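Structure first, commentary second.
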Amino acid sequence: VINHGTFSVDENNIPLYVGKPITEGTKIIRTKTSGVFSGTFEGNHHTISGIYSEGSGLFDVINGSSKIQNLCIKNSVFDFRGSSSKSAGAFCSTLEDYSRVYEVVFDGIIINDGANTGGIAGEVLGEADFVGCRNFGKVIGADYCGGIVGKFSGSGDMFCCRNNGSVESTGDYVGGIVASVTSDVYLSKCSNPGTVKSTGNYVGGIVGDLTLDSNTMKYCCHTGTVSGNDYVGGLAGKFYTPGDNLEEAFMQFHQIESQIDMYEKLFVGGDGIITHEYPPTWAVENDLVYLFEEREQCLDYISTANTRNLLCSYSAGDVTANGESAGALFGEFSGCVWRCLNTYYNSEKRLPSSGKDTFMITMLKASYQTGENYMNLAEPGVASKTGDAMKTEAFAEEMSRPGGHEYLVDEKNENNGYIIPTLHMGSDTEFGLEDTTRKTYSIYQDSWRGPDVFAADETKRYKFDYAFDGGNYK
């Protein structure tokens with residue numbers, strides 16, 4: 001414990017110490033930047049409390065294939081207002097060069113009047129992984145503000161991260177987990193039962209600006225509250241997947257098939273004798289090989305565009321916008337709707353936008369609007385369920401995929417009563433951990449138990465409690 005008093009903020013987000021504004025004369029220990037950190041920081045499940053830092057997180061920059069793990073920061077303030085730092089985070093301002101952050105918890109206050117603010121890290125450059133990271137605190141920023149990470153400009157994984165706290169922003173691109181990700185970032189089992197709000201645009205319960213190409217977002221859910229000016233969504237404010245809705249590609253494919261059938265009858269002579277050469281001799285002799293090449297290109301395109309990028313995710317929280325677009329899943333959607341599978345929204349919890357384009361799922365505007373007619377969103381695997389139905393074991397089974405239960409009923413109300421993404425035992429391979437003795441490692445509800453407590457039984461499902469124990473957490 002560095003400072004024993006309680007930190008908080010007033011209604012204007014001004015930091016307070018024992019209920020009073022912090023001034024030059026406040027008797028308080030002020031920490032300074034620790035510069036660049038390279039190596040392994042093993043917290044051993046301890047807690048650092050009472051930090052007051054101006055212009056720096058616990059570390060300024062983490063790089064060099066470093067690892068930060070098993071640490072909690074609580075009752076602390078990281079004030080980046082007026083700082084020369086380009087990003088702001090409680091554990092580090094910038095993370096780079098394939099660094100990893102495992103099971104860390106932030107339960108304090110971070111304030112930034114600039115871009116790139118995150119409860120754990122402000123900005124990620126290069127390759128990085130975040131596993132089991134939690135925000136229980138208050139993250140306050142401008143553009144690119146997220147509960148765990150601000151701007152994720154590199155590549156890597158965000159796995160089993162959760163925002164139980166609040167994210168407040170005055171700018172664009174704001175998310176409960178991460179503000180913005182590239183197409184090289186995988187998101188899995190991340191959830192937002194907390195609060196996300198901004199006066200700007202592109203605000204999402206999980207991600208503010210989400211691009212899915214070769215990567216995937218799966219087992220993610222929003223059950224808290226998200227609000228913003230415009231383009232506000234339960235899962236993402238802005239959601240992009242390459243490709244269109246395939247109608248044109250299918251039409252072109254069928255036209256090519258018809259041409260091939262016609263030429264086949266013409267050149268084979270209708271005698272029914274068709275050699276199975278590829279391309280057939282008649283096509284080579286008559287300079288019609290391009291038809292088969294175009295058919296293959298169409299098939300490749302259709303196959304690629306049909307790749308499922310958004311899997312087994314749902315939105316059951318409140319979504320509001322002052323502008324024209326608010327969606328239970330997305331505020332703005334562009335790309336291919338067939339890239340979604342087994343994705344649900346709760347129509348009961350959606351609150352209306354003040355604008356004209358409000359819809360349960362705003363996958364509208366570019367590809368999905370023809371006059372006043374909207375496509376049936378249930379066809380590609382996006383559907384609606386009531387709130388009660390989304391809290392049941394049956395829904396957990398429906399959303400879980402082969403290979404183990406990925407969702408459990410939230411009996412302890414950690415996710416506002418809705419089913420919660422979890423990790424079954426024995427999944428150290430998926431976890432990406434090097435230590436194979438940690439098969440019993442689980443982060444279902446912000447806790448860790450050693451191998452002497454549970455056997456690595458993949459057929460069973462466990463739930464844990466989160467609790468502070470004096471200066472430590474468990």
Side-chain angles (χ1 to χ4, degrees), residues 7-9 11-13 15 57 73-74 76-81 87-91 93 101 104-124 130 133-152 158 161-181 187 190-210 220-238 315 317-322 326 331 415-416 446:
F7 287 103
S8 61
V9 292
E11 63 275 8
N12 297 315
N13 288 328
I73 296 176
K74 70 172 183 177
S76 298
V77 170
F78 297 89
D79 190 350
F80 285 81
R81 291 174 301 165
S87 54
F91 283 80
S93 298
V101 183
V104 299
V105 178
F106 178 60
D107 193 7
I109 300 164
I110 181 168
I111 307 173
N112 185 25
D113 53 9
N116 306 334
T117 307
I120 306 301
E123 184 175 16
V124 176
F130 292 82
C133 299
R134 300 291 194 266
N135 172 49
F136 287 86
K138 193 168 189 176
V139 180
I140 305 165
D143 291 344
Y144 297 102
C145 184
I148 304 299
V149 175
K151 192 174 184 179
F152 205 137
M158 297 196 73
C161 295
R162 185 184 301 171
N163 173 50
N164 290 78
S166 65
V167 179
E168 299 182 13
S169 171
T170 57
D172 298 337
Y173 304 112
V174 183
I177 301 300
V178 56
S180 174
V181 298
L187 295 106
C190 295
S191 58
N192 173 51
T195 301
V196 182
K197 62 180 180 180
S198 177
T199 57
N201 305 322
Y202 302 111
V203 187
I206 303 297
V207 188
D209 183 8
L210 174 63
C220 293
C221 58
H222 159 66
T223 61
T225 60
V226 57
S227 61
N229 181 51
D230 208 355
Y231 304 111
V232 185
L235 293 181
K238 183 179 181 180
S315 170
D318 295 338
V319 179
T320 59
N322 295 321
N415 199 40
N416 299 333
D446 309 292

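Computed from a predicted model, the values in this text were never measured in an experiment. Values reported hereafter were calculated over all heavy atoms of this structure, with side chains retained and with hydrogens, waters and symmetry mates removed.
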**Prompt:** Please walk me through it: do Lys197 and Val226 pass side chain to side chain contact (heavy atoms under 4.5 Å, CB included)?
**Reply:** CA-CA 6 Å; Lys197 62 180 180 180; Val226 57; over 6 Å; no
Report yes if some heavy atom in the side chain of [X] is under 4.5 Å from a heavy atom in the side chain of [Y]; otherwise report no.
X	Y	result
Ile111	Pro15	yes
Phe130	Ile120	yes
Val178	Met158	yes
Val181	Asp209	no
Phe78	Ile73	yes
Pro193	Arg162	yes
Val196	Val203	yes

**Request:** Using distance alone, with no hydrogens and no angle criterion, decide if Asn116 and Ser87 have a side-chain donor and acceptor under 3.5 Å apart.
**Result:**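 No, because no side-chain N or O of Asn116 sits under 3.5 Å from a partner of the opposite role on Ser87.
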**Prompt:** Do Asn229 and Asn201 get their side chains close enough for a donor-acceptor pair, meaning under 3.5 Å?
**Reply:**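 Their side chains do contain a donor-acceptor pair, which is all the 3.5 Å distance test asks for.
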Looking only at non-hydrogen atoms, find the nearest pair between [X] and [Y] and report the distance.
X	Y	value
Ser166	Lys138	OG-CG, 3.3 Å
Ala321	Val232	CB-CG2, 3.6 Å
Ile110	Ala90	CD1-N, 3.6 Å
Ser93	Phe80	OG-CE2, 3.5 Å

Gap between atom [atom2] of [Y] and atom [atom1] of [X] - 0.5 Å precision:
X	Y	atom1	atom2	answer
Asp230	Thr199	CG	OG1	12.5 Å
Tyr231	Lys238	OH	NZ	9.5 Å
Leu210	Ser180	CG	OG	9.0 Å
Ser198	Glu168	OG	CD	10.0 Å
His222	Leu235	NE2	CG	8.0 Å
Phe106	Phe136	CZ	CZ	12.5 Å

**Criterion side-chain hydrogen bond (donor to acceptor under 3.5 Å, both in side chains) against Asn192, the qualifying member of Asn163, Asn164, Thr223, Asn415** =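 Filter result, single survivor: Asn163.
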In a table with atom names and distances, give each donor-acceptor pair under 3.5 Å that connects a side chain of residues 140-149 to protein atoms at least two apart or in another chain.
from   : atom 1 : to     : atom 2 : distance (Å)
Asp143 : OD1    : Asp172 : N      : 2.7

**Message:** Is there a side chain to side chain contact (heavy atoms under 4.5 Å, CB included) between Val139 and Thr117? Walk through the geometry before answering.
**Reply:** CA-CA 8 Å; Val139 180; Thr117 307; 3.8 Å; yes
**Set of salt bridge (Lys or Arg N to Asp or Glu O under 4.0 Å) partners for Asp113, sequence neighbours left out** =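 By the salt bridge (Lys or Arg N to Asp or Glu O under 4.0 Å) rule, Asp113 matches no residue at all.
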**Prompt:** Would you find a donor on one side and an acceptor on the other, under 3.5 Å apart, between the side chain of Thr195 and the backbone of Thr225?
**Reply:**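 It does not hold such a pair.
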